[in-house]
Amino acid sequence: MNNTLNNTENILDTKISGFHQYILEKPFRLSFVSKNLCNMLGKDISELQSEKHDLYALCVHPADQEKYTDFLQRISVKEQTLSTEYRLIKKDGSVIFVKDCFTTEISESGTMIGSSVLTDITDIKNENNDLHFLNETIPCGFMKYTCEKQPRVTYINKKMIDILRFPEVKDGEMDYLELYKSNIFLMIPMEERRRFSKYLNRVYSSDVPIAGEITLLRCDGTRAHIFGWVTKTINEHGKAEFQTVCMDVTDRHQKRKNTETQRYLKALTDVYDKIFEFNIDSNTVKCLHSNGSPKFKHFEDIAIQIEDAYDKWIRETVVPEDRERVLAFFRDFCQKKLTTQNNQPPMIEYTAQSSSGENRKYKGVFIKVDDSVSFYCCRTMPNTVDANVLMTENSILRENMKELVMRFTDGLAAFEVTADGLVKPLFANDNVCEFFGYTKDEWISLMEKATPLENFVAYSDTAYEDFAELLRNGEAEFTYFDCKSEKERKIKAICSHKEANVMNSRYVMLYYAESTDQKQKENLPENRTVSIRTFGYFDVFVGDIPIAFRNKKAKELFALLVDRKGGYVSSEEAIGFLWEDEPTSTVTLSRYRKVALRLKNTLEEYGISDIIETVDGKRRVIPEKVQCDLYNYLSGKEEYSQLFKGSYLTNYSWAETTLGELSNRDLI
């Protein structure tokens, strides 16, 4: 019998975590303390057991004292088993989280006795706290859904429910959350479903997550724009499922969209005389740009009902014989009844009274901004058509150009972008073909076929991403090297539609933009000290102003000249560095001459062209006219000895030779 009791005490002392026993009569106090509990708290039995005080309760964290006292009061009322969680402060001051499983019973003497077993849950709590902190600071929506053709949502967290604005279910009302969970495509707008389905198919087949932005349809009919990830995993039942983590970026998206729309609108004002915003949802029209016309100035930037706008605009300005036709055109557009040939934007020609009081021919076009908003843009048509420069021998292309540029005679180039991303050039001035990297004959041959955009722009000095940005935003500005003047000029590009439509082609026109070079020169400091940074990434400064190289190869050529430390670099040598995989030929020599001219023009813009010397086609930097960290370091002066930190011209692979020399020099 004694052996059994001794074994029991050993189990309570060492095998059962944090075991202790309470006498639940005031004053509450411990009647038994296990060695396990002493080890857990780093204390002796005498520091936990007393006849007059509850020394164990003093170990409870101050923030949990009230909670623990209430727990003891509740557990002492009757025989029962309850559990709670709280923190304990160890003798060394550290804090642990415990789960206390407490069982009470009445002893033979009638005293209420409580037996407690503690489980250390510190690691679990810390992990949960980290997750809670993450959820509070970067709240994300999370969903799990099946890999079926019509995926069903199997789990959705509260943040995702908030993003989608599901209402609380009330008696007699439909449970929209359960409805949406039965088919995830109910959360996706119609125009996005095809793209979302393709993403899911790609994730499922390739087992590679996809990240990106997409629009969701909230339960209240509004739209949320989210950025998130979709991945395929195997769930606890061994079945494949999709998981999505996303963040609500609606506000950021709307601000960016508003900014892009304003930039796009600014580009349109360079082309059109008048611009009106038609909002189909609110049935309003607003004059955004009137070019100073007194007939429209009084309701510029004021939204008025469309019918009222017709009275103030069409009935007062359009000639009687065209009035009903123009009214029908606008009414059909607002009722989405307007159809056009060849999927071109809706256009109309009419005669109206100009601000000077004379009747002029106008041509207008509707440009879609989003599902509810479109810009109606119009301009006067020239009395004499000098648009022969825009025409080609091909009658179909000629008709397309007529519709595209609306007899806008100062265009440089135009091309069609089909719904599936193929490009058909329509027209270009002779020297603008160089912008795209084609000869005139090559351009003409491209006009007979459709070419993928990425291939079409492959020979241009402008990156493919910049052209893709043009199609996303509806407008862009590029730097164009004019072969005749051997100067860089800026050209603008606008699309006939701001946003891509799966059914429609879009037309892009390029035209000259005003040069800002003179204004830039005026802002340059009078004391034009040229500072060159080579340790790390390559950059050049005029005073405190960094040079914005518009051509990457021109910047690389300058870096190469700096690397040569004042030595001359021939055309053949430069080509070997700038186009490592291509031999010297008439093509690469032509490219190099353009790059050298662009570098010369850039330095001229900043008033520092004298830092480069050219002799018989060879070029060099004049070290005495620049401040350069490389040259200072190589001077051997003590004040420059710490400039080199182990990196040099990080932008360029050919710089590794000099980097090795610098590293070896540093070791000597």
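Start at 1 with the first residue, then count along the sequence.
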For a side-chain contact (heavy atoms from CB on, under 4.5 Å) check, start with the C-alpha distance between Leu557 and Lys553, then their side-chain angles and the critical distance, and finish with the verdict. CA-CA 6 Å; Leu557 173 59; Lys553 289 296 182 183; over 6 Å; no

Would you check if the side chain of Thr122 reaches a backbone N or O of Ile96 as a donor-acceptor pair within less than 3.5 Å? no

Please determine whether the number of non-hydrogen atoms from other residues, nucleotides or ligands lying under 6.0 Å from atom NZ of Lys99 exceeds 12. no

Answer yes or no: is there a side-chain heavy-atom contact under 4.5 Å between Asp629 and Tyr648? no

For Tyr537 and Arg533, run side chain to side chain donor-acceptor pair (under 3.5 Å): C-alpha distance rounded to whole Å, both residues' side-chain angles, the deciding distance at 0.1 Å, then the answer. CA-CA 7 Å; Tyr537 287 96; Arg533 182 170 61 204; over 6 Å; no

Once rounded to the nearest 0.5 Å, what's the spacing between atom CE of Met160 and atom CD1 of Ile163? 5.0 Å

Determine, step by step, whether Tyr652 and Lys555 satisfy the side-chain contact (heavy atoms from CB on, under 4.5 Å) criterion, reporting the C-alpha distance in whole Å, the side-chain angles of both residues, the deciding distance to 0.1 Å, and the verdict. CA-CA 11 Å; Tyr652 311 115; Lys555 183 176 182 179; 3.7 Å; yes

Do other residues, nucleotides or ligands put more than 12 heavy atoms under 6.0 Å from Glu168 CD? no

Verify whether the ring centers belonging to Trp579 and Phe577 lie closer than 6.0 Å. no

Examine Phe644 together with Phe535 and report whether their ring centres are nearer than 6.0 Å. yes

Sub-4.5 Å side-chain heavy-atom contact between Arg591 and Lys594: no

Can Glu85 and Ile121 be said to form a side-chain contact (heavy atoms from CB on, under 4.5 Å), step by step? CA-CA 9 Å; Glu85 296 177 4; Ile121 57 172; 3.7 Å; yes

Examine distances only and state if a side-chain atom of Thr146 and a backbone atom of Glu241 form a donor-acceptor pair shorter than 3.5 Å. no

Applying salt bridge (Lys or Arg N to Asp or Glu O under 4.0 Å), run through Lys255 and Asp251 and close with a yes or a no. CA-CA 6 Å; Lys255 289 178 182 177; Asp251 291 342; over 6 Å; no

Heavy atoms, side chains only, cut-off 4.5 Å: are Ile188 and Leu217 in contact? no

Closest approach of Glu582 and Ile575, non-hydrogen atoms and distance? O-CG2, 4.4 Å

Straight-line distance of Ile547 CD1 to Asp539 CG, nearest 0.5 Å: 10.0 Å

Checking the side chain of Ser197 only, and the main-chain atoms of Arg194 only, is there a donor and an acceptor separated by less than 3.5 Å? no

Could you state the interatomic distance from OG1 (Thr154) to CZ (Phe242), rounded to the nearest 0.5 Å? 12.0 Å

Considering only heavy atoms from C-beta outward, does the side chain of Trp654 approach that of Asp563 to under 4.5 Å? yes

Whether Asn157 side chain and Phe142 backbone form a donor-acceptor pair below 3.5 Å: yes

Would you say Trp229 and Cys246 make side-chain contact, with heavy atoms under 4.5 Å? no

In terms of ring plane angle, is the pair Phe333 and Phe366 parallel, tilted or perpendicular, where the classes change at 30° and 60°? parallel

Which atom pair, heavy atoms only, marks the closest approach of Tyr176 to Phe166? O-CE2, 3.8 Å

Residue pair Glu148, Arg152: steps toward the salt bridge (Lys or Arg N to Asp or Glu O under 4.0 Å) verdict: CA-CA 8 Å; Glu148 301 168 316; Arg152 292 176 294 101; 3.1 Å; yes

Value rounded to 0.5 Å, distance of CE in Met187 from NZ in Lys181: 9.0 Å

For a 4.5 angstrom cut-off between non-hydrogen side-chain atoms, does His225 reach Gln254? no

Side chains of Val230 and Gln243: does their closest heavy-atom pair fall under 4.5 Å? no

How long is the straight-line distance from CG of Asn551 back to CG of Leu599, given to the nearest 0.5 Å? 9.5 Å

Where do Tyr633 and Leu643 come nearest, in terms of heavy atoms and distance? N-CD1, 4.2 Å

What is the ring orientation for Phe185 with Phe196, classed by angle as parallel under 30°, tilted 30 to 60°, or perpendicular over 60°? perpendicular

For a quick test of reading the model, state the closest non-hydrogen atom pair linking Leu186 to Tyr180 and the distance between them. O-CE2, 3.5 Å

Which is it for Leu659 and Leu649 under the side-chain contact (heavy atoms from CB on, under 4.5 Å) test, yes or no, and what are the steps along the way? CA-CA 8 Å; Leu659 175 61; Leu649 293 184; over 6 Å; no

Sub-3.5 Å donor-acceptor pair from the side chain of Thr222 to the main-chain atoms of Arg218, do we have one? no

Nearest heavy-atom approach of Ile226 to Asp248 is CG2-CA, 4.3 Å

Inter-residue atom distance Leu578.CG - Glu573.CD, 0.5 Å rounding: 11.5 Å

Side-chain contact test, heavy atoms from C-beta onward, threshold under 4.5 Å: evaluate it for Leu200 versus Pro151 and give yes or no. yes

Asn651 and Gly536: which non-hydrogen atoms are nearest, and at how many Å? OD1-O, 4.2 Å

